[in-house]
Amino acid sequence: MRKMKTVTLSASIAAVMALTACGSEGTGAGSSTPKAAAPAASTTTATPAPAKKDPVTLTFAIANTVDATPFNKIFKEFEAKTGNKVELQALPGGDFDNMMKTRFSTGDFPDLFLMQPGPKQYVKLRASETLREWSGDQAVWDRIIPTMKEFQADANKKIYGVPFGATGMMGIYYNKDVFAKAGVQPPKNYADMIESAKKIKAAGVTPFYEGVKDGWPPQVFYFTGWVSNVDPVIGDAGVQNLEKNALKLADIPALKDLFAKQKELKELGLIQSNPLAGTFDELQNLMGEGKVGMAFMLDGIIPQLEKKFGKDFVTNKIGFFPFPAAADAGTAMITPPNQLMIPNKAKHADVAAELVKFMISPEMVDLYYQTSPGIPIFQGAKSSLYPVQQTVKDLIDANKAKINVQNRLTPTFADFQKTLQNFFIDGDVDKALKEFSANYEKDGKAKLLDGFK
């Protein structure tokens with residue numbers, strides 16, 4: 001059995017993160033001021049011990065697409081040390097953002113929640129009014145690599161979320177036994193991938209699987225396809241123009257081509273026959289059973305496959321490659337880890353802050369990576385990587401990786417899953433692209449962003 005490789009965070013990963021850093025290091029306005037020296041203790045009166053606080057139960061909201069196993073282990077340790085419990089609230093991944101915005105608007109605040117990375121979330125949640133600021137908490141940032149802190153900072157160097165987890169990755173996961181049966185290898189370019197998919201189909205296996213019923217899975221095709229096919233065309237300047245609405249999504253031919261490519265997979269019969277009924281759970285089962293060859297997917301599939309088919313299966317039977325480009329094997333799409341956020345008006349906000357600091361302690365970080373291996377973001381942390389993760393790390397080291405475009409834009413791809421569900425029904429490329437572009441602009445206007453008003 002191939003052993004998982006233990007690594008520490010390399011300088012090259014930090015360099016990739018620096019490409020989209022928002023702001024720079026600094027204590028920020030939230031820096032604490034030195035405290036005055038405490039008065040000498042009385043020789044006649046003993047200082048009373050602080051009153052023991054009654055245990056509380058914190059609520060922690062998380063998307064159900066995130067593996068909760070490492071969090072539950074940490075929360076168990078937190079309870080053993082403090083007596084405080086943590087109730088995990090797993091919300092639908094596709095609707096998580098909207099559900100959190102609704103809860104904020106109604107005052108139904110969790111004590112802590114795990115949100116997508118980057119300062120664009122601050123706009124969505126009106127962070128300066130609603131969230132705890134972490135900018136000046138040096139004890140927190142001493143544990144986290146500097147470029148990760150920079151990525152979390154807004155234009156004013158304010159930070160309202162603490163990154164937690166590992167560098168994420170999306171791309172094409174495949175069953176190695178299926179590839180061996182069909183006599184194919186990871187593709188050298190997009191056309192090569194299509195030919196391999198046809199051979200897999202001829203071998204009696206479904207080449208690709210799409211979980212259209214769940215809504216969110218088909219979006220991965222575009223996120224991963226963007227870094228290999230759109231970024232090289234529009235460049236970073238094009239993304240900056242999208243940010244200020246000087247470029248329309250509907251006016252990017254390379255993006256339109258991605259819609260055409262996804263439609264082609266369906267028309268060629270390279271996706272399962274009933275994609276509208278497809279689910280993330282069924283994908284796991286069929287890929288594990290060797291009935292599906294490939295899937296455009298996020299790394300959340302790794303722990304799910306391990307639960308169902310074991311560590312040996314994930315280690316030896318699952319491979320990864322980026323969304324290919326027309327001319328080469330493509331670029332890996334990576335994401336910074338999600339961020340822990342605390343609403344100011346949460347019932348137990350102070351205890352939630354204690355939990356965050358407990359979670360990023362060296363012991364709990366080690367426990368996290370032992371349970372959920374990944375490319376680490378904490379100073380000095382080590383993690384045993386699965387081969388699929390090592391593949392992505394190697395691509396990062398080779399400068400063949402780029403951060404998800406959604407982490408680089410403040411407006412979101414609003415209602416994208418609904419657009420794609422309809423697209424799988426009617427197959428109208430122009431309609432889908434126009435709707436996609438209009439919803440992006442609508443989101444920018446709703447957030448009152450410059451260029452969208």
Side-chain angles (χ1 to χ4, degrees), residues 1-2 169-222 224-225 228 258-326 329-330 386-388 391 420-421 423-425 427:
M1 183 177 77
R2 182 178 177 182
M169 60 197 219
M170 297 185 198
I172 301 170
Y173 293 81
Y174 67 95
N175 185 306
K176 292 182 178 180
D177 285 345
V178 170
F179 269 43
K181 178 181 178 181
V184 300
Q185 298 289 330
K188 298 180 178 63
N189 52 51
Y190 190 82
D192 190 20
M193 184 181 74
I194 296 299
E195 290 306 309
S196 294
K198 291 178 180 178
K199 291 179 181 178
I200 290 171
K201 183 180 180 181
V205 178
T206 300
F208 290 99
Y209 185 99
E210 282 290 5
V212 182
K213 182 178 180 180
D214 280 344
W216 61 267
Q219 299 176 85
V220 177
F221 181 94
Y222 297 86
T224 58
S228 291
L258 287 180
F259 281 90
K261 280 180 165 60
Q262 192 175 57
K263 180 181 179 180
E264 180 187 43
L265 291 180
K266 182 182 177 183
E267 291 179 338
L268 291 174
L270 301 179
I271 299 176
Q272 82 269 26
S273 60
N274 58 339
L276 292 172
T279 66
F280 182 46
D281 186 64
E282 185 178 60
L283 164 61
Q284 299 159 31
N285 295 332
L286 295 179
M287 180 168 280
E289 294 165 1
K291 297 177 181 178
V292 163
M294 298 174 277
F296 302 92
M297 188 44 57
L298 47 74
D299 51 5
I301 196 173
I302 300 172
Q304 299 302 324
L305 287 173
E306 182 176 334
K307 284 180 183 178
K308 293 185 176 184
F309 300 98
K311 180 175 287 189
D312 183 73
F313 175 81
V314 174
T315 302
N316 297 303
K317 302 297 183 180
I318 295 297
F320 175 94
F321 58 87
F323 192 117
Y386 289 108
V388 290
T391 296
L420 291 178
Q421 285 174 326
F423 179 54
F424 268 86
I425 295 172

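Both backbone and side-chain heavy atoms feed into the values below; hydrogens, waters and symmetry mates do not. Nothing fancy with the numbering, it's 1 onward along the sequence.
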Would you say Lys199's side chain and Ala182's backbone share a donor-acceptor pair under 3.5 angstrom?
no

Kindly indicate whether the side chain of Pro322, heavy atoms from C-beta on, has any atom under 4.5 Å from the side chain of Thr224.
no

Atom pair CD1/NZ of Ile271 and Lys201 - distance to nearest 0.5 Å:
11.0 Å

Pairwise side-chain contact, Asp299 with Tyr173, heavy-atom cut-off 4.5 Å (strictly under):
yes

Within 45° cone and under 6.0 Å: Lys317 NZ/CZ vs Phe309 ring
no

In Å, rounded to the nearest 0.5 Å, how long is the span from CD of Gln219 to CG of Leu298?
10.0 Å

For Lys266, look at atom NZ and say whether over 12 heavy atoms of other residues, nucleotides or ligands are found less than 6.0 Å away.
yes

Heavy-atom closest pair, residues Met287 and Leu305:
SD-CD1, 4.5 Å

Rounded to the nearest 0.5 Å, how far apart are CZ of Phe320 and CE of Met169?
5.0 Å

With a sphere of 6.0 Å drawn around NZ of Lys291, does it hold more than 12 non-hydrogen atoms of other residues, nucleotides or ligands?
no

Looking at Asn175 and Val178, would you say the former's side chain and the latter's main chain have a donor-acceptor pair under 3.5 Å?
yes

So which heavy atom on Phe313 is nearest to which on Gly288, and how close?
CZ-CA, 3.6 Å

Quick one: do Lys198 and Glu195 make a salt bridge, cutoff under 4.0 Å?
yes

Side chains of Leu265 and Glu210 in contact at under 4.5 Å (non-hydrogen atoms):
no

Could you report the tightest heavy-atom contact between Pro275 and Gln272, atom names first, then the distance?
CD-O, 3.1 Å

Distance-only, no hydrogens or angles: does the Tyr209 side chain make a donor-acceptor pair with backbone N or O of Gly293 under 3.5 Å?
no

Tyr174 vs Pro186 side-chain heavy atoms within contact, under 4.5 Å
yes

Between Gln421 and Val212 (side chain of the first, backbone of the second, donor and acceptor by atom type, cut-off under 3.5 Å), is there such a pair?
yes

Measure centre to centre between the rings of Phe323 and Phe221, then say whether the value is under 6.0 Å.
yes

Can you name the closest pair of heavy atoms from Val314 and Glu306 and give their distance?
CG2-N, 3.5 Å

Verify the neighbour count for atom CD of Gln185: are there more than 12 heavy atoms of other residues, nucleotides or ligands below 6.0 Å?
no

Minimal non-hydrogen separation, Pro207 against Leu270, with atom names:
CB-O, 3.4 Å

Can you confirm whether Pro324 sits close enough to Lys188 that some side-chain heavy atom of one is under 4.5 Å from a side-chain heavy atom of the other?
no

Taking C-beta and beyond as the side chain, do Phe208 and Met193 meet within less than 4.5 Å on heavy atoms?
yes

Do the rings of Phe280 and Trp216 sit parallel, tilted or perpendicular, given the 30° and 60° boundaries?
perpendicular

Less than 4.0 Å between a side-chain N and a carboxylate O, is that true for Lys308 and Asp281?
yes

What closest approach, in Å, do Ser228 and Gly330 show between heavy atoms, and which atom pair accounts for it?
OG-CA, 3.4 Å

Side chain proximity check, Thr206 to Leu286, heavy atoms < 4.5 angstrom:
no

For the residue pair Lys176 and Asn316, establish whether any side-chain heavy-atom pair is separated by less than 4.5 Å.
no

Report the distance from atom CD of Gln304 to atom CG of Asn285, rounding to the nearest 0.5 Å.
10.5 Å

I need the Leu283 CG to Ile301 CD1 distance, nearest 0.5 Å.
4.0 Å

If you apply the rule ring pair (Phe, Tyr, Trp, His ring centres under 6.0 Å), what do you find for Tyr222 with Phe259, and how did you get there?
CA-CA 8 Å; Tyr222 297 86; Phe259 281 90; 4.7 Å; yes

